Amino acid sequence: MTTDAATLGLLGAGNIASAMVSGWVRADPSMAGRILVTDRGSGRAAALAERDGVRHVAANADLVEQADIVVLCVKPVDVERVLREVTALITPAKAIASVAAGVRTATLETILDVDAPVFRFMPNVGVKVGAGTLAYSAGRFTHTAAEQAVRDTFTLLGDVVELDERLFDAATALSGSGPAFLGLILEAFEDAGIVSGLAYGDARRLLLSTVSGTAELLRADDLACSALRRMVTSPGGTAAAGLAEMERQGVRGAVIDGVLAAMRRAGELG
């Protein structure tokens, strides 16, 4: 199995499936003809096919028969039912890649009737534009051609970070839910810009450029966040005044508590 030839079959067509399809087609438009999508009659798969030129398949069984990599995009509570419906069609030559939150690779391997290679991902919405963050863990079949094909396929969507599965709840909180947390924080910055007198469009442009530039600087220079903060914060300056107020308001603690709350919830869902 190679990335160039692999056919992807997505069981489920919800928000994350839609985002991944957009990312794959954006990265390589020729992939559209090798992406199959299905759902339980919601109409989302047909809408995806219309939007991105991928192939809508009505039945799960037909999709699994045709796919080299079966991507589980259903809700965690539906995973066992969906897999049991098609397990007779899964062969060792097919790979299973799951994005179902909280469902371990060992659980998927137990449900299957055959020793098919199983892999787990936790992507975030950045996959839609090829800038996603995807926590990744393999089941028993590591260092194989199937694993390489799966990793190569998902790398088209962003940064694939290999983790021990016991850390997936933390990754779900930090990177999976992270865009929502950052959305709230960035919205507050937008509001602050407007309150300060900036037009919305100017505030947004200044903010997004600042965010992307800061992330790139941290990455390019391998800077610790604390080092960057010290670099920008001059004694008695504007950053110092703002940071002092944020610390008094408990911003740092609120962010940490929010991520920990999300991690606990991820464990409950699993």
Side-chain angles (χ1 to χ4, degrees), residues 1-3 5-25 31-123 125 127-128 134 136-141 144 146-147 149-154 156-157 269-270:
M1 185 191 304
T2 64
T3 304
T7 296
L8 307 180
L10 278 67
L11 293 170
N15 291 336
I16 198 62
S18 175
M20 291 192 298
V21 167
S22 293
W24 277 316
V25 174
M31 285 185 67
R34 294 186 283 106
I35 297 176
L36 315 177
V37 292
T38 189
D39 57 31
R40 297 184 65 185
S42 68
R44 290 182 174 182
L48 273 181
E50 177 70 22
R51 186 191 73 188
D52 294 317
V54 298
R55 295 159 56 194
H56 174 215
V57 179
N60 288 353
D62 292 338
L63 180 142
V64 171
E65 280 189 317
Q66 298 177 60
D68 299 306
I69 300 173
V70 177
V71 186
L72 276 173
C73 305
V74 298
K75 295 178 181 178
V77 295
D78 294 327
V79 164
E80 183 169 0
R81 175 187 59 78
V82 169
L83 265 189
R84 291 203 183 281
E85 286 176 357
V86 298
T87 188
L89 302 171
I90 303 293
T91 70
K94 296 182 186 291
I96 307 297
S98 173
V99 299
V103 183
R104 297 177 62 86
T105 55
T107 300
L108 299 173
E109 290 169 343
T110 299
I111 295 170
L112 294 171
D113 289 337
V114 296
D115 283 343
V118 170
F119 310 96
R120 180 182 175 189
F121 291 86
M122 174 47 65
V125 294
V127 296
K128 183 174 183 178
L134 303 95
Y136 163 77
S137 186
R140 293 182 290 123
F141 296 89
T144 62
E147 180 180 19
V150 169
R151 289 196 62 151
D152 288 348
T153 298
F154 279 82
L156 294 173
L157 301 177
L269 292 173

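Keep in mind that what you see is a predicted model, and the values were worked out from it rather than measured. These values consider heavy atoms only, across backbone and side chains, with no hydrogens, waters or symmetry-generated copies.
- Leu48 and Ala13 get closest at one heavy-atom pair: CD1-CB, 4.0 Å.
- Closest approach of Thr153 to Met31, counting heavy atoms only: CG2-CE, 4.5 Å.
- Between Leu10 and Ile35, the closest side-chain pair of non-hydrogen atoms falls below 4.5 Å.
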Would you please test Glu109 and Leu112 for side-chain contact (heavy atoms from CB on, under 4.5 Å) and show each step?
CA-CA 5 Å; Glu109 290 169 343; Leu112 294 171; 5.6 Å; no
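- A donor-acceptor distance shorter than 3.5 angstrom exists from the side chain of Thr87 to the backbone of Asp113, with no hydrogens or angles considered.
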Evaluation steps, side-chain contact (heavy atoms from CB on, under 4.5 Å), between Trp24 and Leu157
CA-CA 6 Å; Trp24 277 316; Leu157 301 177; 3.6 Å; yes
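- Although no hydrogens or angles enter the test, the distance criterion places no donor-acceptor pair under 3.5 Å between the side chain of Arg151 and the main chain of Tyr136.
- A salt bridge is defined here as a Lys NZ or Arg NE, NH1 or NH2 lying under 4.0 Å from an Asp or Glu carboxylate O, and Asp68 with Arg34 fails to meet this definition.
- Heavy atoms only, all atoms of each residue included: Ala58 and Thr38 are closest at O-OG1, 3.4 Å.
- Inter-residue side-chain proximity for Leu108 and Leu72 is flagged as met; some heavy-atom pair is nearer than 4.5 Å.
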Do Asp115 and Phe141 pass the side-chain contact (heavy atoms from CB on, under 4.5 Å) test, and can you show the C-alpha distance, the side-chain angles, and the key distance before you say yes or no?
CA-CA 9 Å; Asp115 283 343; Phe141 296 89; 3.5 Å; yes
Would Val118 and Ser98 count as a side-chain contact (heavy atoms from CB on, under 4.5 Å) here? Give the steps.
CA-CA 8 Å; Val118 170; Ser98 173; 5.9 Å; no
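- Closest approach of Val37 to Ala45, counting heavy atoms only: CG2-O, 3.6 Å.
- At distances below 3.5 Å, at least one donor-acceptor pair connects side-chain atoms of Lys94 with backbone N or O atoms of Val64.
- Contact annotation: the side chain of Val103 never approaches that of Arg120 to less than 4.5 Å [non-hydrogen atoms, C-beta and beyond].
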Between Phe154 and Phe121, is a ring-ring contact (aromatic ring centres under 6.0 Å, His included) present by the stated rule, with each step listed?
CA-CA 9 Å; Phe154 279 82; Phe121 291 86; 3.9 Å; yes
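- Nearest heavy atom pair, residue Val70 against residue Ile90, reads CG2-CD1, 4.4 Å.
- The nearest pair of heavy atoms linking Met20 to Pro123 is SD-CG, 4.4 Å.
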